[in-house]
Amino acid sequence: MRKPRWHVSSAVVTVAPDAMPAVRDRVAGMDGVEIHGGDATRLIVTIEGDSTGRLGDRLTEINLIKGVLAASMVFEHAEDKEETSCRWT
């Protein structure tokens with residue numbers, strides 16, 4: 001049996017400038033997603049979950065938000081759940 005793993009990735013979300021307020025609100029409300037910064041056309045986010053697939057699914061959801069021009073994963077890290085004090089269960 002595989003041990004549960006904790007996955008986290010960083011991503012850059014490029015947004016049409018006029019859509020930024022709405023996109024920021026939608027992304028901020030997503031479970032497992034946190035906004036860490038950005039500017040007028042980009043958001044820097046982390047996505048957390050229990051599998052690479054879940055991170056990919058969340059990134060796809062972000063890509064499909066009206067006003068998002070691109071959402072690109074930059075980095076991914078995974079480790080056994082008991083090795084970290086992650087927020088998911």
Side-chain angles (χ1 to χ4, degrees):
M1 180 177 212
R2 291 176 83 178
K3 292 181 181 180
R5 306 241 332 141
W6 173 77
H7 297 254
V8 62
S9 70
S10 59
V12 176
V13 182
T14 305
V15 181
D18 59 328
M20 182 57 84
V23 170
R24 179 181 282 278
D25 288 347
R26 287 274 310 274
V27 171
M30 294 178 132
D31 188 42
V33 179
E34 187 174 336
I35 297 173
H36 295 277
D39 58 23
T41 61
R42 292 175 298 204
L43 295 173
I44 308 303
V45 302
T46 54
I47 306 169
E48 298 181 22
D50 59 3
S51 71
T52 296
R54 189 163 316 239
L55 273 55
D57 290 347
R58 186 65 76 209
L59 192 65
T60 298
E61 287 179 52
I62 293 170
N63 262 305
L64 295 173
I65 296 171
K66 184 178 179 179
V68 170
L69 304 175
S72 303
M73 190 176 294
V74 176
F75 176 81
E76 182 180 349
H77 173 76
E79 58 189 55
D80 291 339
K81 187 175 175 184
E82 62 268 2
E83 292 176 9
T84 186
S85 58
C86 61
R87 293 180 287 176
W88 63 273
T89 54

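Atoms considered below: every heavy atom in the structure, side chains included; atoms not considered: hydrogens, waters and symmetry mates. FYI, the numbering just counts along the sequence from 1.
- Under a 4.0 Å N-O distance rule, the pair D39/R42 qualifies as a salt bridge.
- The two residues A71 and N63 make their nearest non-hydrogen contact at N-OD1, 2.9 Å.
- Contact detail for A19 and G67: the closest heavy-atom pair is CB-CA, 3.7 Å.
- Residues I35 and V45 form a side-chain contact, since some pair of their non-hydrogen atoms from C-beta on lies under 4.5 Å apart.
- Note that OG of S9 is 12.0 Å distant from NE2 of H77, once rounded to the nearest 0.5 Å.
- Atom CZ of R26 is separated from atom NZ of K66 by 11.5 Å, given to the nearest 0.5 angstrom.
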*Verify side-chain contact (heavy atoms from CB on, under 4.5 Å) between V33 and T46, making sure each step is shown before the conclusion.*
CA-CA 6 Å; V33 179; T46 54; over 6 Å; no
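- V15 and I44 are not part of a single hydrophobic cluster, where members link through side-chain heavy atoms under 4.5 Å apart.
- Nearest approach of L55 to G49, heavy atoms of both residues: CD1-N, 3.5 Å.
- Residues M73 and V27 share a single hydrophobic cluster, defined by chaining ILVMFWY side chains whose heavy atoms lie under 4.5 Å apart.
- For the residue pair T52 and E76, the shortest heavy atom distance occurs at OG1-OE2, 2.8 Å.
- The side-chain heavy atoms of D31 and R58, taken from C-beta on, include a pair separated by under 4.5 Å.
- Taking CD1 of I65 as the start and OG1 of T60 as the end, the distance is 11.5 Å to the nearest 0.5 Å.
- Annotation for D25: atom CG counts as buried by contact number, over 12 foreign heavy atoms lying within 6.0 Å.
- Looking only at side-chain heavy atoms (C-beta outward), R54 and I47 stay at 4.5 Å or farther from each other.
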*Take R5 and D80, measure what salt bridge (charged side-chain N to carboxylate O under 4.0 Å, His left out) needs, and give me the verdict at the end.*
CA-CA 4 Å; R5 306 241 332 141; D80 291 339; 3.0 Å; yes
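- Minimum interatomic distance between V68 and I62 (heavy atoms only, all atoms of both residues): CG2-O, 3.3 Å.
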